[in-house]
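Written out below as C-alpha coordinates is the structure these notes cover.
Numbered from 1 within each chain, the chains take letters A, B, ... in sequence-line order.
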Amino acid sequence: MPELPEVETIKNELLPRVRGHRVSDVTLSWEGIARQPGADEFRSRLVGRKITGITRRGKYLIISLDSDDLWVVHLKMTGSLIIKPDGAEPPQHTRAVIRLDNGTSIFFRDPRKFGVMQLVKDKSTIANKLGPEPLTREFTPRLLAQRLAQRTAPIKALLLDQSLIAGIGNMYADEALFAASIHPLRSGSSLSPEEIERLHHAIQKVLKAAVNSKGASVDTYFRPDGTIGTAHFSFKVAHGKGKTCPRCGAPIERMVVRNRGTYLCPRCQK
DNA sequence: CCCGGAACCTGAAGGC
DNA sequence: TGCCTTCAGGTTCCGG
(Lines give C-alpha, C1' and ligand atoms only; values in the text may rest on other atoms or scores of the structure.)
Protein backbone atom coordinates (compact mmCIF):
# COMPACT_ATOMS: atom_id res chain seq x y z
CA MET A 1 0.00 0.00 0.00
CA PRO A 2 1.52 3.28 -1.00
CA GLU A 3 2.06 5.41 2.08
CA LEU A 4 4.51 8.26 2.52
CA PRO A 5 7.73 6.25 1.89
CA GLU A 6 6.28 4.54 -1.17
CA VAL A 7 4.93 7.77 -2.70
CA GLU A 8 8.22 9.51 -1.92
CA THR A 9 10.10 6.73 -3.73
CA ILE A 10 7.81 6.91 -6.74
CA LYS A 11 8.28 10.67 -6.89
CA ASN A 12 12.08 10.39 -6.70
CA GLU A 13 12.36 7.65 -9.29
CA LEU A 14 9.74 9.00 -11.69
CA LEU A 15 11.08 12.53 -11.77
CA PRO A 16 14.31 12.00 -13.78
CA ARG A 17 12.45 9.88 -16.30
CA VAL A 18 9.64 12.30 -17.06
CA ARG A 19 10.82 15.83 -16.33
CA GLY A 20 11.05 17.99 -19.43
CA HIS A 21 9.01 15.60 -21.55
CA ARG A 22 5.66 16.25 -23.14
CA VAL A 23 2.51 14.17 -22.86
CA SER A 24 1.75 12.97 -26.37
CA ASP A 25 -1.33 10.86 -25.64
CA VAL A 26 -3.62 9.84 -22.79
CA THR A 27 -5.64 6.62 -22.82
CA LEU A 28 -8.13 5.96 -20.04
CA SER A 29 -9.17 2.33 -20.13
CA TRP A 30 -11.27 2.98 -17.03
CA GLU A 31 -12.71 6.48 -17.20
CA GLY A 32 -13.50 6.63 -13.49
CA ILE A 33 -9.81 7.09 -12.82
CA ALA A 34 -10.19 10.73 -13.92
CA ARG A 35 -11.99 12.13 -10.90
CA GLN A 36 -11.99 15.69 -12.14
CA PRO A 37 -12.50 17.01 -14.68
CA GLY A 38 -14.29 14.28 -16.65
CA ALA A 39 -12.41 11.92 -18.94
CA ASP A 40 -12.61 14.02 -22.14
CA GLU A 41 -11.54 17.28 -20.55
CA PHE A 42 -8.87 15.50 -18.52
CA ARG A 43 -7.37 14.16 -21.73
CA SER A 44 -7.51 17.42 -23.62
CA ARG A 45 -5.96 19.46 -20.81
CA LEU A 46 -3.11 16.95 -20.31
CA VAL A 47 -2.16 16.10 -23.89
CA GLY A 48 0.53 18.40 -25.24
CA ARG A 49 1.68 19.58 -21.82
CA LYS A 50 5.27 19.38 -20.66
CA ILE A 51 6.02 17.88 -17.23
CA THR A 52 8.07 20.38 -15.25
CA GLY A 53 8.36 18.74 -11.81
CA ILE A 54 6.91 16.41 -9.20
CA THR A 55 6.35 16.97 -5.50
CA ARG A 56 4.70 14.91 -2.80
CA ARG A 57 2.23 16.03 -0.15
CA GLY A 58 1.05 13.30 2.20
CA LYS A 59 0.25 10.38 -0.08
CA TYR A 60 -0.49 12.62 -3.06
CA LEU A 61 1.81 13.03 -6.05
CA ILE A 62 1.60 16.53 -7.49
CA ILE A 63 2.94 16.79 -11.02
CA SER A 64 3.45 20.30 -12.35
CA LEU A 65 2.92 21.12 -16.01
CA ASP A 66 3.71 23.99 -18.34
CA SER A 67 0.10 25.09 -17.99
CA ASP A 68 -1.80 26.39 -14.97
CA ASP A 69 -2.94 22.86 -14.16
CA LEU A 70 -1.47 20.60 -11.51
CA TRP A 71 -1.81 16.91 -12.26
CA VAL A 72 -2.59 15.17 -8.97
CA VAL A 73 -2.33 11.40 -8.54
CA HIS A 74 -3.45 9.33 -5.57
CA LEU A 75 -2.63 5.62 -5.72
CA LYS A 76 -4.87 4.68 -2.78
CA MET A 77 -4.30 1.03 -1.84
CA THR A 78 -3.25 -0.86 -4.92
CA GLY A 79 -2.20 1.69 -7.50
CA SER A 80 1.23 1.91 -9.09
CA LEU A 81 2.89 3.95 -11.82
CA ILE A 82 5.12 1.88 -14.09
CA ILE A 83 7.35 3.28 -16.83
CA LYS A 84 7.84 1.17 -19.93
CA PRO A 85 9.02 1.79 -23.46
CA ASP A 86 6.45 2.28 -26.18
CA GLY A 87 5.10 -0.97 -27.50
CA ALA A 88 5.72 -2.87 -24.27
CA GLU A 89 2.96 -5.08 -22.97
CA PRO A 90 0.76 -3.07 -20.57
CA PRO A 91 0.80 -4.43 -17.01
CA GLN A 92 -2.29 -6.31 -15.89
CA HIS A 93 -5.06 -4.02 -14.55
CA THR A 94 -3.76 -0.97 -16.41
CA ARG A 95 -6.38 1.77 -16.02
CA ALA A 96 -4.61 4.61 -17.81
CA VAL A 97 -1.64 5.08 -20.09
CA ILE A 98 0.14 8.43 -20.34
CA ARG A 99 2.39 8.40 -23.35
CA LEU A 100 5.36 10.74 -23.40
CA ASP A 101 7.35 12.17 -26.29
CA ASN A 102 10.53 10.32 -25.26
CA GLY A 103 9.46 6.84 -26.35
CA THR A 104 8.12 5.75 -22.95
CA SER A 105 4.72 5.61 -21.30
CA ILE A 106 3.52 5.81 -17.72
CA PHE A 107 1.13 2.93 -16.97
CA PHE A 108 -1.26 3.53 -14.08
CA ARG A 109 -2.16 0.05 -12.92
CA ASP A 110 -4.65 -0.47 -10.12
CA PRO A 111 -6.39 -3.80 -9.55
CA ARG A 112 -8.96 -2.35 -7.16
CA LYS A 113 -9.80 0.87 -9.00
CA PHE A 114 -9.50 3.05 -5.91
CA GLY A 115 -6.79 5.23 -7.38
CA VAL A 116 -7.65 8.60 -8.88
CA MET A 117 -6.18 11.43 -10.92
CA GLN A 118 -7.27 15.06 -10.94
CA LEU A 119 -6.33 18.29 -12.63
CA VAL A 120 -6.50 21.21 -10.21
CA LYS A 121 -5.55 24.86 -10.48
CA ASP A 122 -4.37 25.29 -6.94
CA LYS A 123 -2.31 23.06 -4.67
CA SER A 124 -4.20 24.33 -1.65
CA THR A 125 -7.30 22.37 -2.65
CA ILE A 126 -5.34 19.30 -1.56
CA ALA A 127 -2.84 20.64 0.92
CA ASN A 128 -5.42 22.39 3.07
CA LYS A 129 -7.01 19.12 4.12
CA LEU A 130 -3.71 17.63 5.26
CA GLY A 131 -1.82 17.86 8.51
CA PRO A 132 1.92 18.52 8.80
CA GLU A 133 4.54 16.52 6.92
CA PRO A 134 6.13 14.19 9.48
CA LEU A 135 9.64 14.38 7.97
CA THR A 136 9.92 18.16 8.07
CA ARG A 137 11.30 20.38 10.80
CA GLU A 138 7.80 21.74 11.29
CA PHE A 139 6.78 18.40 12.83
CA THR A 140 7.97 18.60 16.44
CA PRO A 141 7.03 16.66 19.58
CA ARG A 142 5.33 19.82 20.75
CA LEU A 143 3.18 20.02 17.61
CA LEU A 144 2.29 16.35 17.94
CA ALA A 145 1.29 16.90 21.56
CA GLN A 146 -0.92 19.83 20.58
CA ARG A 147 -2.63 17.80 17.92
CA LEU A 148 -3.29 14.83 20.21
CA ALA A 149 -4.56 16.85 23.16
CA GLN A 150 -8.25 16.41 23.95
CA ARG A 151 -8.55 13.59 21.44
CA THR A 152 -10.39 10.55 22.77
CA ALA A 153 -10.04 8.34 19.69
CA PRO A 154 -7.50 5.48 19.76
CA ILE A 155 -3.98 6.59 18.83
CA LYS A 156 -3.97 4.09 15.96
CA ALA A 157 -7.00 5.85 14.41
CA LEU A 158 -5.47 9.28 15.01
CA LEU A 159 -2.22 8.31 13.26
CA LEU A 160 -4.28 7.31 10.21
CA ASP A 161 -6.09 10.66 10.16
CA GLN A 162 -4.46 12.57 7.29
CA SER A 163 -5.65 15.91 8.64
CA LEU A 164 -3.71 15.25 11.84
CA ILE A 165 -0.44 14.07 10.24
CA ALA A 166 -0.07 13.51 6.51
CA GLY A 167 1.30 10.34 4.99
CA ILE A 168 1.04 7.60 7.61
CA GLY A 169 -1.00 4.53 6.67
CA ASN A 170 -1.82 1.24 8.29
CA MET A 171 1.62 -0.40 8.07
CA TYR A 172 3.69 2.48 9.39
CA ALA A 173 1.17 3.31 12.11
CA ASP A 174 1.65 -0.21 13.49
CA GLU A 175 5.43 -0.02 13.16
CA ALA A 176 5.63 3.40 14.84
CA LEU A 177 3.43 2.34 17.77
CA PHE A 178 5.54 -0.77 18.28
CA ALA A 179 8.77 1.22 18.15
CA ALA A 180 7.33 3.61 20.75
CA SER A 181 5.92 0.76 22.92
CA ILE A 182 2.44 2.28 22.84
CA HIS A 183 -0.75 0.23 22.65
CA PRO A 184 -2.88 1.10 19.60
CA LEU A 185 -6.04 1.52 21.68
CA ARG A 186 -4.60 4.21 23.94
CA SER A 187 -6.51 7.45 23.51
CA GLY A 188 -4.65 10.45 22.12
CA SER A 189 -5.13 12.50 25.25
CA SER A 190 -3.86 9.72 27.53
CA LEU A 191 -0.31 9.82 26.19
CA SER A 192 2.29 11.29 28.52
CA PRO A 193 4.84 13.83 27.26
CA GLU A 194 7.48 11.09 27.33
CA GLU A 195 5.31 8.79 25.27
CA ILE A 196 4.60 11.54 22.75
CA GLU A 197 8.33 12.17 22.49
CA ARG A 198 8.90 8.46 21.85
CA LEU A 199 6.10 8.35 19.30
CA HIS A 200 7.42 11.39 17.48
CA HIS A 201 10.86 9.83 17.28
CA ALA A 202 9.42 6.47 16.21
CA ILE A 203 7.35 8.00 13.40
CA GLN A 204 10.39 9.73 11.93
CA LYS A 205 12.65 6.72 12.39
CA VAL A 206 10.24 4.27 10.79
CA LEU A 207 9.41 6.54 7.84
CA LYS A 208 13.02 7.47 7.15
CA ALA A 209 14.14 3.84 7.22
CA ALA A 210 11.37 2.93 4.81
CA VAL A 211 12.29 5.75 2.41
CA ASN A 212 15.88 4.48 2.47
CA SER A 213 14.58 1.00 1.58
CA LYS A 214 12.51 2.42 -1.30
CA GLY A 215 9.21 1.50 0.32
CA ALA A 216 7.52 -1.74 1.34
CA SER A 217 6.16 -4.14 -1.26
CA VAL A 218 3.67 -6.04 0.85
CA ASP A 219 0.81 -6.04 -1.62
CA THR A 220 0.88 -4.51 -5.06
CA TYR A 221 3.39 -1.72 -4.61
CA PHE A 222 6.07 -1.47 -7.28
CA ARG A 223 8.65 1.16 -8.06
CA PRO A 224 8.35 2.88 -11.45
CA ASP A 225 10.88 0.48 -12.99
CA GLY A 226 8.75 -2.48 -11.85
CA THR A 227 11.07 -3.59 -9.04
CA ILE A 228 10.00 -3.88 -5.40
CA GLY A 229 10.96 -1.96 -2.28
CA THR A 230 12.47 -3.80 0.65
CA ALA A 231 11.18 -1.92 3.72
CA HIS A 232 8.81 -4.76 4.65
CA PHE A 233 11.74 -7.09 5.31
CA SER A 234 12.47 -4.93 8.37
CA PHE A 235 8.91 -4.80 9.68
CA LYS A 236 8.71 -5.80 13.32
CA VAL A 237 4.94 -6.24 13.63
CA ALA A 238 3.12 -4.98 10.51
CA HIS A 239 1.45 -7.81 8.61
CA GLY A 240 3.02 -9.99 11.28
CA LYS A 241 0.78 -13.05 11.11
CA GLY A 242 2.71 -15.76 12.92
CA LYS A 243 5.64 -13.54 13.85
CA THR A 244 7.07 -13.23 17.30
CA CYS A 245 8.10 -10.01 18.97
CA PRO A 246 11.78 -9.27 18.23
CA ARG A 247 12.08 -7.62 21.64
CA CYS A 248 10.43 -10.10 24.02
CA GLY A 249 9.56 -13.15 21.95
CA ALA A 250 5.81 -13.02 22.61
CA PRO A 251 3.56 -13.88 19.67
CA ILE A 252 2.46 -10.85 17.63
CA GLU A 253 -1.29 -10.34 17.96
CA ARG A 254 -3.79 -9.08 15.45
CA MET A 255 -6.72 -6.95 16.47
CA VAL A 256 -9.16 -4.71 14.61
CA VAL A 257 -9.13 -0.97 15.27
CA ARG A 258 -11.53 1.17 13.26
CA ASN A 259 -11.99 -1.63 10.76
CA ARG A 260 -8.24 -1.85 10.18
CA GLY A 261 -6.14 -4.90 10.81
CA THR A 262 -3.72 -3.91 13.57
CA TYR A 263 -0.65 -5.85 14.68
CA LEU A 264 1.04 -5.41 18.02
CA CYS A 265 3.08 -7.04 20.73
CA PRO A 266 0.66 -7.28 23.65
CA ARG A 267 3.53 -7.53 26.13
CA CYS A 268 5.67 -4.61 24.92
CA GLN A 269 2.95 -2.15 23.98
CA LYS A 270 1.17 -0.67 26.99
C1' DC B 1 -15.73 19.72 15.86
C1' DC B 2 -15.17 14.81 17.06
C1' DC B 3 -15.99 9.92 16.64
C1' DG B 4 -17.04 5.54 14.43
C1' DG B 5 -18.85 2.84 10.77
C1' DA B 6 -20.07 2.04 5.86
C1' DA B 7 -19.15 2.49 1.05
C1' DC B 8 -16.20 2.31 -2.81
C1' DC B 9 -13.72 -1.83 -5.48
C1' DT B 10 -11.76 -6.55 -7.02
C1' DG B 11 -8.36 -10.27 -6.39
C1' DA B 12 -6.82 -13.58 -3.15
C1' DA B 13 -7.57 -16.78 0.31
C1' DG B 14 -10.19 -19.82 3.12
C1' DG B 15 -14.26 -22.79 4.22
C1' DC B 16 -17.20 -26.43 2.97
C1' DT C 1 -12.86 -28.95 -8.18
C1' DG C 2 -15.88 -25.15 -7.42
C1' DC C 3 -18.85 -22.06 -5.31
C1' DC C 4 -19.41 -18.86 -1.74
C1' DT C 5 -17.87 -15.72 1.82
C1' DT C 6 -14.57 -12.89 3.84
C1' DC C 7 -10.75 -9.90 3.91
C1' DA C 8 -7.46 -6.31 2.42
C1' DG C 9 -7.31 -0.65 3.35
C1' DG C 10 -7.06 5.17 1.80
C1' DT C 11 -10.37 8.30 1.54
C1' DT C 12 -14.95 10.24 1.77
C1' DC C 13 -19.42 10.49 3.35
C1' DC C 14 -22.91 10.22 6.87
C1' DG C 15 -25.26 9.70 11.28
C1' DG C 16 -24.91 10.42 16.21
Between C:dG10 (C1') and A:Tyr221 (OH): distance, integer Å: 17 Å
Protein-nucleotide distance (A:Arg147, atom CZ; B:dC1, atom P), rounded to Å: 13 Å
Per-nucleotide protein contact string for nucleotides 4-10 of chain B, where B marks a base within reach and S marks sugar-phosphate only (heavy atoms under 4.0 Å, - for neither): BS--BBB
Separation of C:dG10 P from A:Gln162 CD (nearest whole Å): 8 Å
Partner residues of A:Thr27 under the side chain to side chain contact (heavy atoms under 4.5 Å, CB included) criterion, sequence neighbours left out: A:Asp25, A:Val97
With sequence neighbours excluded, residues passing side chain to side chain donor-acceptor pair (under 3.5 Å) with A:Arg151: none
Rounded distance in Å - CG (A:Leu148) to C1' (B:dC1): 16 Å
A:Gln150 side chain near B:dC2 phosphate (N/O to OP1/OP2, under 4.0 Å): no
Student check: side-chain heavy atoms of A:Ile33 and A:Val116 closer than 4.5 Å: no
Value in whole Å for how far the C1' atom of C:dC7 lies from CE of A:Met255: 18 Å
Helix axis bend for the helix from B:dC2-C:dG16 to B:dC16-C:dG2 - C1'-based end axes, five pairs, 10° rounding: 50°
Where at least one partner belongs to residues 94-111 of chain A, residue pairs that pass salt bridge (Lys or Arg N to Asp or Glu O under 4.0 Å), sequence neighbours excluded: A:Asp86-A:Arg99
Residues in side chain to side chain donor-acceptor pair (under 3.5 Å) contact with A:Asn128, at least two apart in sequence or another chain: none
A:Arg247: partners by side chain to side chain contact (heavy atoms under 4.5 Å, CB included), with sequence neighbours left out: A:Phe178, A:Ser181, A:Cys245, A:Cys268
Whole angstrom value for the distance that separates P of C:dG10 from CG of A:Leu4: 13 Å
Between C:dG10 (C1') and A:Asp161 (CG): distance, integer Å: 12 Å
Side chain to side chain contact (heavy atoms under 4.5 Å, CB included) partners for A:Ala39, two or more places apart: A:Leu28, A:Glu31
Atom-pair distance (CG on A:Asn170; P on C:dT11), nearest Å: 12 Å
Test item: A:Ile98 and A:Trp71 side chains (from C-beta on) under 4.5 Å apart, heavy atoms: yes
Side chain to side chain donor-acceptor pair (under 3.5 Å) against A:Ser217, all qualifying residues, sequence neighbours excluded: none
Side chain to side chain contact (heavy atoms under 4.5 Å, CB included) partners of A:Ser163, counting only residues at least two apart: A:Asp161
Pair listing, salt bridge (Lys or Arg N to Asp or Glu O under 4.0 Å) test, anchored in residues 197-207 of chain A, at least two apart: none
Each nucleotide N or O in nucleotides 12-15 of chain C that has a protein N or O under 3.5 Å away: list the pair and distance.
residue, atom, partner, partner atom, Å
C:dT12, OP1, A:Lys129, NZ, 3.3

